[in-house]
Amino acid sequence: MQRPLIMALSNPTSQAECTNPTSQAECTAEQAYTWTEGRAIYSSGSPFDPCQYNGKSFIPGQANNAYIFPGLGFGLVISGAIRVHDEMLLAASEALASQVMQEHYDKGMIYPPLANIRKISAPIAANVAAKAYELGLATRLPRPTDMVKYAESCMYTPNYRSYR
C-alpha cells in the first residue's frame with residue numbers, strides 16, 4: 001500500500017483527556033508517520049499538533065462531525081427540507097470530498113483545514129439543498145438558481161460595532 005489511511009477515531013471522554021489526546025487515541029499521529037516512514041494519511045477523532053518526520057511537516061486530520069453537520073443542517077434550513085434523506089448525507093459527503101485538494105493529501109490531510117469551516121460549509125449546504133429540491137423535499141420556493149451563492153448569502157456574519 002502506497003499511502004495507508006489510518007483513522008484513530010476515539011474521542012476523549014473527559015476534559016483531562018482533551019488536553020492530552022495521546023492518552024486516548026489508538027495510535028498517535030507521530031506513531032503513524034513513524035511506522036509508515038511518512039507515508040500515512042492520518043486522521044483522528046481528537047486534534048493533534050503538526051508532526052515532523054524526516055524533515056517533512058505533516059498535518060494530522062481531525063475526522064469528526066464538525067465538517068459535515070454545519071453544512072448539512074444549513075442546507076436543510078435554506079431549502080426548508082421537510083425530511084432528511086440518506087441521499088442528503090451522501091450529497092454532504094461528496095461536497096466535502098470535492099474540496100480536498102492534492103496539496104492537502106501532500107501534507108497528509110484528508111480534509112481541508114477546519115479553520116476554513118465557513119468556506120467549506122457553503123458548498124456542503126448547497127449540495128444538501130440541491131438534493132432536497134431534487135427529491136421534492138424542499139419547501140422554500142422558488143429554487144435558487146445558484147445554490148452556493150444563495151447559501152453564502154444566507155450565512156450569518158458577525159459584525160460588531162466598535163464602541164470606542
Side-chain angles (χ1 to χ4, degrees), residues 3-19 21 24-26 29 40-50 58-164:
R3 302 228 33 214
L5 175 61
I6 299 174
M7 300 182 84
L9 297 179
S10 294
N11 278 320
T13 56
S14 74
Q15 191 61 27
E17 291 170 338
C18 285
T19 60
Q24 185 70 12
E26 302 91 332
I41 296 172
Y42 179 86
S43 189
S44 72
S46 302
F48 278 91
D49 291 331
F58 294 92
I59 303 171
Q62 186 176 353
N64 62 28
N65 58 15
Y67 283 96
I68 294 290
F69 284 1
L72 174 67
F74 190 41
L76 298 172
V77 169
I78 66 173
S79 66
I82 57 172
R83 253 187 332 268
V84 179
H85 194 278
D86 289 347
E87 289 183 43
M88 294 173 180
L89 291 166
L90 181 59
S93 300
E94 289 170 343
L96 175 59
S98 73
Q99 296 180 70
V100 182
M101 303 294 136
Q102 187 60 46
E103 68 187 64
H104 300 127
Y105 290 127
D106 292 345
K107 294 177 184 175
M109 301 166 67
I110 62 171
Y111 300 115
L114 191 58
N116 298 338
I117 193 63
R118 285 178 58 89
K119 184 179 176 193
I120 294 165
S121 293
I124 293 173
N127 242 29
V128 170
K131 185 56 73 173
Y133 283 100
E134 180 185 315
L135 296 172
L137 300 173
T139 60
R140 296 209 198 277
L141 300 173
R143 177 184 176 148
T145 53
D146 186 331
M147 204 64 75
V148 174
K149 282 190 188 218
Y150 179 65
E152 290 170 345
S153 74
C154 292
M155 284 184 148
Y156 175 75
T157 303
N159 290 318
Y160 300 101
R161 283 191 230 174
S162 176
Y163 289 101
R164 292 185 182 204

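As the structure is a prediction and not an experimental result, all values here were calculated from the model.
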Once you round to the nearest 0.5 Å, how far does CG of Asp146 lie from CD of Glu152? 8.0 Å
Please tell me if the side chains of Leu141 and Tyr133 come closer than 4.5 Å, counting only heavy atoms from C-beta onward. yes
Got a donor-acceptor contact below 3.5 angstrom from the Arg3 side chain to the Tyr105 backbone? yes
Okay, side chain of Ser121, backbone of Arg118: is any donor-acceptor separation there less than 3.5 Å? no
Would you say the side chain of Met101 lies within less than 4.5 Å of the side chain of Pro112, judging by non-hydrogen atoms? no
Which atom of Ile110 lies closest to which atom of Ser43, heavy atoms considered: CD1-CB, 3.4 Å
Would you say the side chain of Leu135 lies within less than 4.5 Å of the side chain of Arg83, judging by non-hydrogen atoms? no
Are side-chain heavy atoms of Leu90 and Lys131 found at a separation under 4.5 Å? no
Pro60 and Ala29 have their tightest heavy-atom pair at CG-CB, 3.5 Å
Between Gln99 and Tyr67, does the side-chain contact (heavy atoms from CB on, under 4.5 Å) criterion hold? Intermediate values first, please. CA-CA 11 Å; Gln99 296 180 70; Tyr67 283 96; over 6 Å; no
Straight-line distance of Ile120 CD1 to Leu114 CG, nearest 0.5 Å: 6.5 Å
Between Cys154 and Ile78, which heavy-atom pair has the shortest distance, and what is it? CB-CG2, 3.9 Å
One should read off an interatomic distance between Tyr150 OH and Met155 CE, to the nearest 0.5 angstrom, of 13.0 Å
So, taking the atom named CD1 in Ile41 and the one named CE in Met7, what distance separates them when rounded to the nearest 0.5 Å? 10.5 Å
Side-chain donor/acceptor of Thr139 to backbone N/O of Gly80, under 3.5 Å: yes
Looking at Ala66 and Ile117, what are the two nearest heavy atoms and their distance? O-CD1, 3.3 Å
How close do Ala95 and Asn127 get, counting heavy atoms only, and between which atoms? CB-ND2, 3.6 Å
When you compare the side chain of Pro113 with that of His104, does any pair of heavy atoms fall below 4.5 Å? yes
If every non-hydrogen atom of Leu72 is compared with every non-hydrogen atom of Ile124, which pair is closest and at what distance? N-CG2, 3.9 Å
N/O donor-acceptor pair under 3.5 Å between Arg143 side chain and Ala129 backbone: no
Give a yes or no on this: more than 12 heavy atoms of other residues, nucleotides or ligands lie within 6.0 Å of atom CG of Asp106. yes
